[in-house]
Amino acid sequence: MRRKTFDVLFETSTGLTALVKQPCLWRSGFYFTLSVGFFTGVITNTWFIHHSLGERFAIILATVIILGAALSLYGFLLHGIMETFGALAGDPVGLICLLGYTTLPFLLLTPAALLSAKLGVGGLPLMFVTVGIGLIWMLYLLIKSLEVVYLIDVLRASVTILFSLLLLYIVFLLPIQLGLTILINAVL
């Protein structure tokens with residue numbers, strides 16, 4: 001299991017190719033829960049140290065459930081976009097398996113999250129940098145996983161990821177941004 005994790009993170013093409021050949025939904029869910037759970041657990045346990053253990057555990061559990069549902073929906077969105085773009089027929093379950101492995105960088109970045117949470121407000125820039133590195137690494141692994149699952153090139157996989165992020169922005173963030181802009185203009 002450690003060798004597969006190393007291959008996915010540092011020898012990406014070999015590791016992801018091996019993952020496609022075998023079902024890995026439960027293992028992927030385990031890695032997703034471990035990665036996101038440790039990352040958010042370290043932050044919430046440091047920031048909410050004065051709250052009870054039950055409250056901190058509830059925050060971690062809610063975060064993992066919400067992110068797990070979001071990751072699954074994002075996997076189906078990517079699968080639909082790939083089918084629309086005329087990619088080879090892919091396995092949505094295999095894509096979701098690989099999406100779980102793309103969160104592994106957050107497991108490696110947990111010590112940086114702990115340091116930034118310990119620094120308090122002064123650690124927020126480090127927290128943003130850590131999350132940014134994790135997201136960039138995650139998107140890189142996602143592009144590589146699209147290459148493996150759908151047998152396409154880097155450029156097409158990158159365009160697919162950017163298009164899916166644009167769709168998510170239009171659906172979720174743009175209405176909030178427009179609403180806030182209208183509200184601010186009405187107040188001023």
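Nothing fancy with the numbering, it's 1 onward along the sequence. Basis for what follows: all heavy atoms, side chains included, without hydrogens, waters or symmetry-related copies.
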Keeping the roles fixed (side chain from Ser35, backbone from Phe32), state whether a donor-acceptor pair exists under 3.5 Å. no
Flag the pair Ile43 / Phe48 as yes when at least one side-chain heavy-atom distance between them is below 4.5 Å, and no otherwise. no
Could you tell me whether the side chain of Phe106 reaches within less than 4.5 Å of the side chain of Val36, counting heavy atoms only? no
One should read off an interatomic distance between Leu99 CG and Leu78 CG, to the nearest 0.5 angstrom, of 6.5 Å
Chi angles and distances behind the side chain to side chain contact (heavy atoms under 4.5 Å, CB included) call for Leu168, Leu77: CA-CA 9 Å; Leu168 290 176; Leu77 171 71; 3.9 Å; yes
Say whether Trp47 and Leu61 are linked into one hydrophobic cluster, either directly or through other cluster members, by side-chain heavy-atom distances under 4.5 angstrom. no
For residues Glu147 and Ala157, report the shortest heavy-atom separation together with the two atoms involved. CG-CB, 4.3 Å
Using every non-hydrogen atom in the two residues, find where Ser116 and Met127 come nearest and quote the distance to one decimal. OG-CE, 3.1 Å
Flag side-chain contact, heavy atom, 4.5 Å: Leu107 against Phe39: no
Could you tell me if the side chain of Leu67 sits less than 4.5 Å from the side chain of Leu71, heavy atoms only? no
In Å and rounded to the nearest 0.5 Å, what is the OG1 to CZ distance from Thr44 to Arg56? 8.0 Å
Grouping I, L, V, M, F, W and Y whenever their side-chain heavy atoms are under 4.5 Å apart, do Phe128 and Leu114 come out in a common cluster? no
Tell me if the CZ atom of Phe57 is crowded by more than 12 foreign heavy atoms within 6.0 Å. no
Between Pro105 and Ile133, is there a side-chain heavy-atom distance shorter than 4.5 Å? no
Point-to-point distance, once rounded to the nearest 0.5 Å, from CG of Leu178 to CG of Leu173: 11.0 Å
Side-chain heavy-atom pair Trp137, Leu142 within 4.5 angstrom cut-off: no
Out of curiosity, does Phe163 fall in the hydrophobic cluster containing Tyr169 (side-chain heavy atoms, cut-off under 4.5 Å, transitive links)? no
Determine whether Leu139 and Leu165 make a side-chain contact, defined as any pair of heavy atoms from C-beta on separated by less than 4.5 Å. yes
Scan side-chain atoms only and decide if Tyr101 and Ser145 contain a donor-acceptor pair under the 3.5 Å cut-off. no
Would a 4.5 Å heavy-atom cut-off, applied to side chains only, mark Leu98 and Lys144 as touching? no
Start with the C-alpha distance between Tyr74 and Ser164, add both sets of side-chain angles, then the distance that settles side-chain hydrogen bond (donor to acceptor under 3.5 Å, both in side chains), and finish with yes or no. CA-CA 8 Å; Tyr74 187 64; Ser164 65; 2.7 Å; yes
What's the shortest heavy-atom distance between Ile143 and Ser158, and which atoms? CD1-OG, 3.5 Å
Return the CE to CG distance between Met82 and Leu146, rounded to the nearest 0.5 Å. 5.5 Å
Can you tell me how far CD1 of Ile182 sits from CD of Gln177, rounded to the nearest 0.5 angstrom? 11.0 Å
Among the clusters formed by ILVMFWY side chains lying less than 4.5 Å apart, do Ile81 and Val171 turn up in the same one? yes
Would you kindly confirm whether Ile170 and Leu180 end up in one hydrophobic cluster when ILVMFWY residues are joined by side chain heavy atoms under 4.5 Å apart? no
Spacing of CD1 belonging to Ile136 relative to OH belonging to Tyr140, to within rounding of 0.5 Å: 13.5 Å
